[in-house]
Amino acid sequence: MSDWLTAIDNDTQASVLVTVALVEGSGPREAGAKMRVSLDGQVDTIGGGHLELRAVEIAKTMLATGDTHARLDRFALGPSLGQCCGGVVHLAFEYVDASLKELLAALRERRQQDSWRLTALDGDAASALFDAAGRLIAGTGAQAPDTFSRERSTHVAQDGKGRRWLVDPCLAPRAHLTLFGAGHVGAAIVRALAHLPCNITWVDEREDMFPVQLPDNVRIAATDTPEEFVAMAPPGGSFLVMTHSHALDQRLTQAIMEREDAGWFGLIGSHTKRKQFEHRLQARGVPDERIAAMVCPIGMPGIRNKAPAVIAASVACQLLMVWEEAAAAALAAPLRLASASAPPRREKRAAIHPL
């Protein structure tokens, strides 16, 4: 999901960062999608098709001519581009010079923390990285406005002097899954989620069950007391229980049910297993609405194949739907951030406003 960022690390090859800055109507990718282009090729994608082809051509022309100025280009997705999306996409092009490389290196280290990246699209080059409190982390904020909006995803904004800025929230993944069970299905689910925007805590008593190589978004916990990791999960976090023991499944299910702030909970098993667990939970006084929210069997309706890879693909779809709904709800809450790092001898700056 962030090859555009990791590929830049320790790479001396000149490159251009292309960002979907704004989408009007339908587009192949959402605002914030990125790719990195060098003279030898590209990493990641902004949606493919002729739009991407034109973007690659522009980026390579910048590299070939030594054009280091940021630019914002508008593309209508109609007959001229051979794409029928019908919308309009605005792409920002940034030459990855030493200053931007330093900024992106800082961003790479902050992938588990919220950051906001600002780049001037007009006038003198200026780019800065801010943390969630509005403090300057990297780059130069000498010309950056005092405030910027978090109410939208990546977008183009304008300050009081008419200068345009790319405002690019680089937010840490909100989705967290605590996965109990390192068997065939658990391992397949980890592989299915390896490149998706989430973090996974993978728990099992059997340390030798975990693979040597793990995706970057996975942390393992080999423990004899897996119930502790129910309590350690973040509020609203998701849970998947698929251990080698029905008795352990039962204990974990009980612990999850006792957390009022637990998010989505899936339990591997048949309808018969669900009925058994329902009766036991009811006997322990678990409210009916909590039991009804338990997802068992897991996976998308209509998919009956029980091969681990098929179950994993189905559950990954199920989780993505849950996480995207939660993300949409979170974005509905407006928040404005103020920079706390105003350099000296700076003129009074106007607020930045989304276009």
Side-chain angles (χ1 to χ4, degrees), residues 1-9 17-23 27 29-36 43-47 90 92 94 100 103-119 127-139 141 144-145 147-157 165-178 193-201 215-219 233-238 263-264 316 319-341 352 354:
M1 292 293 291
S2 58
D3 289 345
W4 62 271
L5 181 60
T6 57
I8 293 171
D9 189 51
L17 182 62
V18 184
T19 302
V20 178
L22 183 66
V23 179
R29 287 292 304 273
E30 71 286 353
K34 298 176 181 67
M35 69 177 181
R36 174 225 176 186
V43 179
D44 270 335
T45 175
I46 57 168
H90 301 253
E94 300 170 78
L100 183 53
L103 187 150
L104 294 176
L107 179 59
R108 186 173 186 267
E109 294 299 317
R110 293 179 51 83
R111 280 182 293 175
Q112 299 304 317
Q113 303 174 68
D114 289 346
S115 305
W116 278 261
R117 192 174 69 91
L118 271 68
T119 296
S127 61
L129 186 70
F130 297 89
D131 67 9
R135 291 184 291 264
L136 183 66
I137 300 299
T147 60
F148 55 92
S149 173
R150 187 189 170 184
E151 298 170 16
R152 298 169 58 182
S153 60
T154 301
H155 59 279
V156 177
W165 294 81
L166 174 67
V167 183
D168 186 26
C170 301
L171 307 181
R174 292 301 195 266
H176 184 275
L177 173 67
T178 305
L193 299 177
H195 300 290
L196 300 182
C198 63
N199 290 311
I200 304 168
T201 301
D216 290 340
N217 63 343
V218 176
R219 298 294 178 269
S238 303
W264 183 91
L319 286 168
L320 281 174
M321 292 174 66
V322 171
W323 293 338
E324 289 200 0
E325 183 178 351
L331 285 175
L335 176 66
R336 296 190 68 82
L337 300 177
S339 173
S341 57
I352 192 167

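Bear in mind the structure is a predicted one, so any value in this text is a computation, not a measurement.
- In this structure, Leu320 CG and Leu193 CG are separated by 7.5 Å, a value rounded to the nearest 0.5 Å.
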Between His90 and Val156, does the side chain to side chain contact (heavy atoms under 4.5 Å, CB included) criterion hold? Intermediate values first, please. CA-CA 9 Å; His90 301 253; Val156 177; 5.5 Å; no

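- Without hydrogens or angle criteria, Arg174 side chain to Ala172 main chain gives a donor-acceptor distance under 3.5 Å.
- Here the options are Thr201, Ile200, Leu177, the test is side chain to side chain contact (heavy atoms under 4.5 Å, CB included), and the partner is Val218; only Ile200 passes.
- Interatomic distance, Asp131 CG to Trp116 CH2, rounded to the nearest 0.5 Å: 8.5 Å.
- With rounding to the nearest 0.5 Å, the separation of CD in Glu109 from CG in Leu5 is 9.5 Å.
- By the 4.5 Å heavy-atom criterion applied to side chains, Asn217 and Cys198 are counted as neighbours.
- Going from atom CD of Gln112 over to atom CG of Leu171 covers 12.0 Å, rounded to the nearest 0.5 Å.
- Side-chain contact between Leu166 and Arg117 is present, with heavy atoms from C-beta onward closer than 4.5 Å.
- Across Gly139 and Leu136, no two heavy atoms sit closer than the pair O-CD2, 4.0 Å.
- Listed here is the closest heavy atom pair of Val167 and Ala157: CG2-CB, 3.9 Å.
- The shortest non-hydrogen separation linking Pro173 to Arg111 is CD-O, 3.7 Å.
- Trp4 places none of its side-chain heavy atoms less than 4.5 Å from the side chain of Thr19.
- Looking at heavy atoms from C-beta onward, Trp323 lies in side-chain contact with Ser238 at the 4.5 angstrom threshold.
- Note: Leu129 CG to Leu107 CG = 5.5 Å, rounded to the nearest 0.5 Å.
- In this structure, the separation between CD on Glu94 and CG on Asp168 is 7.5 Å, given to the nearest 0.5 Å.
- Side-chain contact between Arg29 and Thr45: present, with at least one pair of heavy atoms (C-beta onward) separated by less than 4.5 Å.
- Between Pro169 and Thr154, some side-chain heavy-atom pair lies under the 4.5 Å cut-off.
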